[in-house]
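Excluded from the calculations below are hydrogen atoms, water molecules and symmetry mates; all remaining heavy atoms, backbone and side chain alike, are included.
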Amino acid sequence: MRKTLAKNIFLNINPIKKFRTIKIQMDFLRPLNKDETTSRRLLANVMSNSTADYPSFKAINDREMELYGSEINVFTRNLLNFNDLAFSVEFADPNFLIDGQKQIKDNLDLLGEIIFKPNLDGNKFNQTAFETEKRNLMSNLISVQDNQDLVSTLGLAKLIYQNNPNRQIPIFGSIEQLKDLTNEKLLETYQDVVKNDTIVINVVGNVNEDEFLQEIMASDFYQQMTNDRNDLQIEFEKFTELVKHPLKQIDHKHLNQSRIALAYSTENINKKFNRLAPQVMNLILGGDDQSQLFQQVREKNSLAYSVSSVYQPISHLVMIQAGLDSASIDKALDLINQQIDYIKRGDFTDNQVSHAQKVMLTRRKISTDSIHYYIMRSIWETVYPKTLLTDEQFQNDLDNLDREHIANAAQNLHAIAQYQLI
């Protein structure tokens, strides 16, 4: 069932019976804004740990245990050019419980409690809850500097999105913004979220669609979701200038191991070519332990402790990361370029293509064994449906993939940014 409850408030119910749990997730979406990134992350932390009726983390946890071990999760993430503040509860299918008649209603009420009944002291959040979560988030932000893979990823992202200030702040926020964030300001952020954000509600599991619709429309918080919400406008990054003028940055730090992070744009691939070609190309390049980068750079020539690549279909970017000794950087970069040229020339073997196709199919099959897969698919169907392939389309594209498609994807790799942490 797919139903619009109000303008830009969507309900998707997927009554799948193969899971022993049911998950309800509510995603609050708005365009990325650098001035809101940190406050939305802190808001997620504050709201997940206390409410009006459950004024401590222990109280919430006790209620979860009463509901046979339900699990509440609140987080933020990037989704296209949007900031997604997501609330979810996953709980046991009542059909497997002796006394589960109210299981769905009770968990829906708990999720509504988390979202719509915050733990307030007048015109601000409970001060103890606010101070505790602000201190915890500050500690986490400070510890980012100890994660060198993340530091190199963030360094590369700043180069890629140099002209987009809203992407300069990582999704988990910044220390500078957190220092200035007051309790009163956080409440303003919350009030703005529940009033204006687009909402996508997803339900996955063994539920009766009509009965669940009645439950949500009878819930205490339903009236807070009936007002029209702001429209979302999808925007895509263009890397034309970076293709012409790639950026490079080198930072130095006391480390046991250096890092390099490379970004390539693939936007100019011929649209007539296979949609899965860039993903298969990436698997051959560096997407698993049979790839060229892993076998040639790490195993055969011992130029890196770790090396891999990932492909981002929405942004059409290939990212390569490696951990290595600083003395090996130039040799490693040269060998990485050789592997890209290897695929451009079409020197890869039929066995490599076959292996990549099997990996693609296996990963897709494995992903369908998780509730997360169906929730994400429903979100994409709501927000940006043209990016999705049905199982039949996926299999057809995989079967019709040929060597020219893969080589063409590599031929359209354009280096746009390089970050080195030495």
Side-chain angles (χ1 to χ4, degrees), residues 8-9 26-61 63 72-79 81-89 109-144 165-199 220-232:
N8 292 325
I9 302 180
M26 297 177 63
D27 293 80
F28 289 73
L29 300 164
R30 68 169 54 198
L32 282 168
N33 183 330
K34 63 181 177 60
D35 298 324
E36 299 174 342
T37 302
T38 306
S39 60
R40 285 173 73 93
R41 174 53 62 96
L42 181 59
L43 183 63
N45 296 350
V46 170
M47 294 180 68
S48 64
N49 286 319
S50 66
T51 72
D53 293 340
Y54 304 102
S56 68
F57 177 74
K58 181 181 183 303
I60 291 179
N61 189 252
R63 181 54 178 157
I72 290 286
N73 192 20
V74 187
F75 58 92
T76 60
R77 61 184 170 186
N78 287 338
L79 193 71
N81 56 296
F82 310 128
N83 184 307
D84 178 11
L85 172 56
F87 301 80
S88 70
V89 60
D109 287 346
L110 178 59
L111 185 61
E113 171 91 18
I114 294 287
I115 301 172
F116 296 106
K117 295 182 70 176
N119 186 12
L120 301 180
D121 290 338
N123 64 341
K124 60 183 180 181
F125 286 94
N126 175 269
Q127 191 64 23
T128 300
F130 173 80
E131 291 177 355
T132 299
E133 294 308 323
K134 184 174 181 177
R135 185 168 59 249
N136 290 342
L137 181 55
M138 181 64 74
S139 177
N140 291 337
L141 292 176
I142 292 172
S143 70
V144 165
N166 291 322
R167 286 188 179 267
Q168 291 290 310
I169 304 295
I171 193 60
F172 46 77
S174 76
I175 292 174
E176 293 74 19
Q177 287 186 349
L178 185 59
K179 286 179 179 178
D180 296 334
L181 186 54
T182 65
N183 197 337
E184 291 78 6
K185 178 62 177 176
L186 190 66
L187 182 59
E188 291 177 12
T189 298
Y190 166 74
Q191 292 167 337
D192 190 17
V193 166
V194 296
K195 180 181 179 181
N196 295 313
D197 279 19
T198 290
I199 302 177
D220 293 338
F221 60 82
Y222 176 71
Q223 293 303 320
Q224 300 186 60
M225 296 193 304
T226 55
N227 65 297
D228 293 347
R229 304 302 178 103
N230 295 333
D231 291 328
L232 294 179

Would you confirm whether [X], through its side chain, and [Y], through its main-chain N or O, come within 3.5 Å as a donor-acceptor pair?
X	Y	answer
N166	K34	yes
K134	L181	yes
T38	I175	no
N8	T198	no
E113	T51	no
N183	F125	yes

Is the shortest side-chain heavy-atom distance between [X] and [Y] below 4.5 Å?
X	Y	value
L178	L137	yes
N73	S48	no
R229	I9	yes
I115	F221	no

- Using the six-membered ring wherever Trp is involved, compare the ring planes of F28 and F87 and label them parallel, tilted or perpendicular (cut-offs 30° and 60°). perpendicular

Approximate separation, where rounding is to 0.5 Å, of [X] [atom1] and [Y] [atom2]:
X	Y	atom1	atom2	value
Y54	I72	OH	CD1	10.0 Å
I169	Q177	CD1	CD	4.5 Å
L32	N81	CG	CG	6.5 Å
F172	L42	CZ	CG	14.5 Å
N61	S56	CG	OG	9.0 Å
E133	N140	CD	CG	9.5 Å

- Distance-only polar pair, side chains of Q127 and D121, donor-acceptor under 3.5 Å: no

- Would you say the side chains of R41 and T76 form a donor-acceptor pair under 3.5 Å? yes

- D220, CG atom: more than 12 neighbouring heavy atoms under 6.0 Å: no

- Message: I'd like to know whether E184 forms a side chain to side chain contact (heavy atoms under 4.5 Å, CB included) with L187, so could you lay out the CA-CA distance, the side-chain angles of the two residues, the decisive distance to 0.1 Å, and finally the verdict.
- Response: CA-CA 5 Å; E184 291 78 6; L187 182 59; 5.8 Å; no

- Message: Under the criterion side chain to side chain contact (heavy atoms under 4.5 Å, CB included), I'd like the reasoning laid out for L186 against V46: C-alpha separation, chi angles, the key distance, then a yes or no.
- Response: CA-CA 10 Å; L186 190 66; V46 170; 3.9 Å; yes

- What closest approach, in Å, do Q223 and T226 show between heavy atoms, and which atom pair accounts for it? O-OG1, 3.0 Å

- Task: Identify the heavy atoms of P31 and L232 that sit nearest to each other, and give their distance.
- Result: CD-CD2, 4.0 Å

- Query: Under the criterion side chain to side chain donor-acceptor pair (under 3.5 Å), which of D192, N196, N230 is the partner of R30?
  - Reply: D192

- Task: Start with the C-alpha gap between V194 and Q224, add the side-chain angles, then the distance that decides, and say whether side chain to side chain contact (heavy atoms under 4.5 Å, CB included) holds.
- Result: CA-CA 8 Å; V194 296; Q224 300 186 60; 5.6 Å; no

- Message: Before you tell me yes or no, could you show the steps for K185 and D35 under salt bridge (charged side-chain N to carboxylate O under 4.0 Å, His left out), namely the whole-Å CA-CA distance, both residues' side-chain angles and the distance that decides it to 0.1 Å?
- Response: CA-CA 12 Å; K185 178 62 177 176; D35 298 324; over 6 Å; no

- By side-chain hydrogen bond (donor to acceptor under 3.5 Å, both in side chains) - contacts of R40 (at least two apart): N83, D197

- Query: Looking at I114, N119, T128, which hits side-chain contact (heavy atoms from CB on, under 4.5 Å) with S50?
  - Reply: N119

- Carboxylate-amine/guanidinium contact R63 D109, below 4.0 Å: no

